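A short write-up of the structure that comes next.
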Amino acid sequence: MKVLYFAWLRERIGKAEEEVVFPASISTARDAMQHLATQGEEYAYAFENPQIIRIALDRRHVPPETPIGAAREIAFFPPMTGG
Amino acid sequence: MKVLYFAWLRERIGKAEEEVVFPASISTARDAMQHLATQGEEYAYAFENPQIIRIALDRRHVPPETPIGAAREIAFFPPMTGG
Amino acid sequence: MVVPEIRVQAEPFDLAAEVARISVGRQDIGAVVTFTGLCRSENGALAALELEHYPGMAEDELRRVADDAIRRWPLDGVIVIHRYGKLRPGDSIVLVVTASAHRQAAFESANYLMDYLKTRAPFWKKEHASDGSSGDWVAAKQADEQAADRW
Amino acid sequence: MVVPEIRVQAEPFDLAAEVARISVGRQDIGAVVTFTGLCRSENGALAALELEHYPGMAEDELRRVADDAIRRWPLDGVIVIHRYGKLRPGDSIVLVVTASAHRQAAFESANYLMDYLKTRAPFWKKEHASDGSSGDWVAAKQADEQAADRW
């Protein structure tokens with residue numbers, strides 16, 4: 001699955017995107033985030049406050065409890081500050 | 001005193017402005033309007049619904065009970081429809 | 001204190017030039033809102049609008065409305081331009097431009113200016129119908145009075 | 001059904017050209033509202049803003065917000081342009097244009113678009129300070145969430 005990071009998540013993790021094969025036990029977007037948080041110090045730092053992180057599945061905002069299902073792309077980012 | 005008429009008041013009276021010497025008994029803007037309404041059929045027609053007519057004294061909106069005092073210019077017109 | 005720019009003119013106006021006048025070379029403006037009012041054909045029934053105004057008072061009253069807005073909101077600039085004369089469907093009638101550090105101040109003050117301008121500025125519209133008949137004077141709408149009363 | 005025009009671009013935009021695109025040759029539009037958001041210097045403290053975005057999703061989300069506005073108000077046209085990349089104080093960041101027969105529809109929908117765009121469109125601002133220090137990511141404001149919640 002393609003995983004994207006934006007803004008300070010991207011900076012903390014040190015990459016903008018990567019391919020991740022999630023274990024079969026990963027069901028929801030929150031599960032995916034928790035799994036990524038275990039992948040090293042930089043990930044732990046990026047995801048240290050999971051409650052403020054926004055998630056998009058296939059380029060749509062979703063709540064963390066959303067099943068990732070057959071989505072091809074998941075993105076993690078801080079609250080938006082455009083406009 | 002300079003008297004100005006706009007929109008359908010101007011059309012009904014048949015002139016845009018005139019000089020009027022009001023009798024000494026005329027005190028308020030409403031008095032002036034009532035006096036003008038007696039100056040002929042066209043004036044009676046123009047002022048037939050005095051409650052909808054707006055008044056400006058020296059280019060400021062005023063309520064009808066305002067004394068005309070030393071004002072140099074009084075204008076009568078329908079509700080505005082600009083914008 | 002910001003000084004509003006007020007113009008009453010027969011000529012069309014240039015939106016981009018007006019916005020540039022209010023914002024170019026400045027670094028403190030975060031939001032510019034413009035409102036352009038246009039003449040509508042009313043589904044083809046209207047050939048033209050004739051706008052009559054009270055010269056002198058029209059400018060004064062627009063300035064008073066603009067000064068009220070400047071007192072109510074933290075504005076960095078205000079422009080109000082109102083046209084008069086014969087206008088065709090598609091022609092612009094009025095332009096309001098407001099600039100502020102903050103977007104709500106720019107939005108609200110432009111909205112306020114339009115509401116008050118409609119009920120206070122001495123302009124009157126006469127309709128000329130497409131069938132050649134000389135039309136009626138547009139009646140003031142109660143909705144416009146109510147719109148102004150909400151502020 | 002009106003189709004909104006959405007653009008996400010590094011280049012500046014031309015306000016007058018966008019307004020012309022929405023209104024020229026039409027006789028049914030009574031009101032055009034534009035909102036331009038600009039980069040502020042924060043009293044000289046800010047040298048630049050760097051705008052990051054999520055390509056693809058940014059356009060999609062702006063289109064969803066615009067479609068919501070089109071469902072809520074009787075609009076004749078909507079344009080939303082959002083820039084990305086490094087922007088300097090005085091540079092424009094975002095443009096919203098709405099056109100309607102009615103002035104309140106144009107005002108309210110432009111205001112709505114800005115409120116929702118700020119909380120839903122995937123853009124992030126990083127500040128570069130005038131003293132050369134690489135700045136912080138701008139924190140989302142609770143006021144922006146509240147502004148969106150009022151609709």
Side-chain angles (χ1 to χ4, degrees), chain B residues 1-20 28-30 32-33 36-37 41-83, chain C residues 6 8 35-40 49-65 68 80-85 87 92-96 110-127 134-145 147-148:
Chain B
M1 186 172 196
K2 189 174 180 183
V3 182
L4 303 176
Y5 310 106
F6 291 97
W8 50 257
L9 271 107
R10 173 180 54 70
E11 290 182 338
R12 290 182 182 188
I13 290 168
K15 57 183 111 174
E17 64 176 88
E18 60 185 321
E19 276 293 324
V20 176
T28 66
R30 184 190 284 114
M33 178 161 60
L36 289 165
E41 252 179 39
E42 65 277 28
Y43 289 92
Y45 178 38
F47 291 108
E48 66 181 358
N49 286 310
Q51 71 284 354
I52 63 166
I53 292 173
R54 307 298 182 91
I55 308 171
L57 264 186
D58 284 344
R59 304 183 176 181
R60 278 184 176 269
H61 294 294
V62 294
E65 63 273 20
T66 308
I68 56 176
R72 284 165 302 182
E73 187 170 304
I74 189 166
F76 299 94
F77 42 78
M80 285 74 76
T81 55
Chain C
I6 306 296
V8 174
F35 176 92
T36 306
L38 302 148
C39 179
R40 287 187 292 152
L49 276 181
E50 193 153 350
L51 268 122
E52 181 171 336
H53 77 297
Y54 184 169
M57 181 173 170
E59 291 84 347
D60 289 353
E61 202 60 32
L62 291 175
R63 186 165 290 108
R64 285 191 274 268
V65 175
D68 287 347
V80 181
I81 303 176
H82 204 303
R83 296 178 66 191
Y84 61 85
L87 302 175
S92 57
I93 302 172
V94 61
L95 174 68
V96 162
N111 204 337
Y112 173 94
L113 282 163
M114 281 307 304
D115 279 352
Y116 271 94
L117 173 165
K118 280 183 109 69
T119 56
R120 281 175 44 179
F123 290 86
W124 301 272
K125 291 192 187 104
K126 187 174 192 169
E127 296 180 337
S134 112
D136 288 323
W137 290 94
V138 172
K141 291 191 193 110
Q142 220 189 338
D144 288 335
E145 289 285 343

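In what follows, chains carry the letters A, B, and so on, assigned in the order in which the sequence lines appear, proteins first and then strands, with residues in each chain numbered from 1. Because the structure is a prediction, the values reported are computed rather than measured.
Contact count against chain B (heavy-atom pairs under 4.5 Å) is highest for C:Trp137 among C:Phe123, C:Phe35, C:Trp137.
Residues meeting the salt bridge (charged side-chain N to carboxylate O under 4.0 Å, His left out) test with C:Arg63, sequence neighbours left out: none. In this structure C:Tyr84 satisfies the ring pair (Phe, Tyr, Trp, His ring centres under 6.0 Å) test together with C:His53, sequence neighbours excluded.
Of the two parts of B:Arg60, the backbone and the side chain both hold a non-hydrogen atom closer than 4.5 Å to a non-hydrogen atom of chain C. Looking at C:Arg64, the atoms closer than 4.5 Å to chain B (heavy atoms on both sides) all sit in the side chain, from C-beta outward. Neither the backbone nor the side chain of C:Ala58 comes within contact range of chain B; no heavy atom of the residue lies under 4.5 Å from a heavy atom of that chain.
Here CZ of C:Arg120 is found 5.0 Å from CG of C:Asp68. Values are rounded to the nearest 0.5 Å. Here the CD atom belonging to C:Glu145 is positioned 10.5 Å from the CG atom belonging to C:Asp115, to the nearest 0.5 angstrom. Annotation: the span from C:Ile93 atom CD1 to C:Arg83 atom CZ amounts to 8.5 Å, rounded to 0.5 Å.
Note on C:Lys126 versus C:Glu52: no salt bridge recorded, every NZ/NE/NH1/NH2 to OD/OE distance being 4.0 Å or above.
Other residues, nucleotides and ligands contribute more than 12 heavy atoms inside 6.0 Å of the CD atom of B:Glu19.
Residue pairs meeting the side chain to side chain donor-acceptor pair (under 3.5 Å) criterion with at least one member in residues 73-83 of chain B, sequence neighbours excluded: B:Arg59-B:Glu73, B:Glu73-C:Tyr54.
Heavy-atom neighbours of chain C within the stretch residues 46-58 of chain B, taken at a separation under 4.5 angstrom, comprise B:Arg54, B:Ala56.
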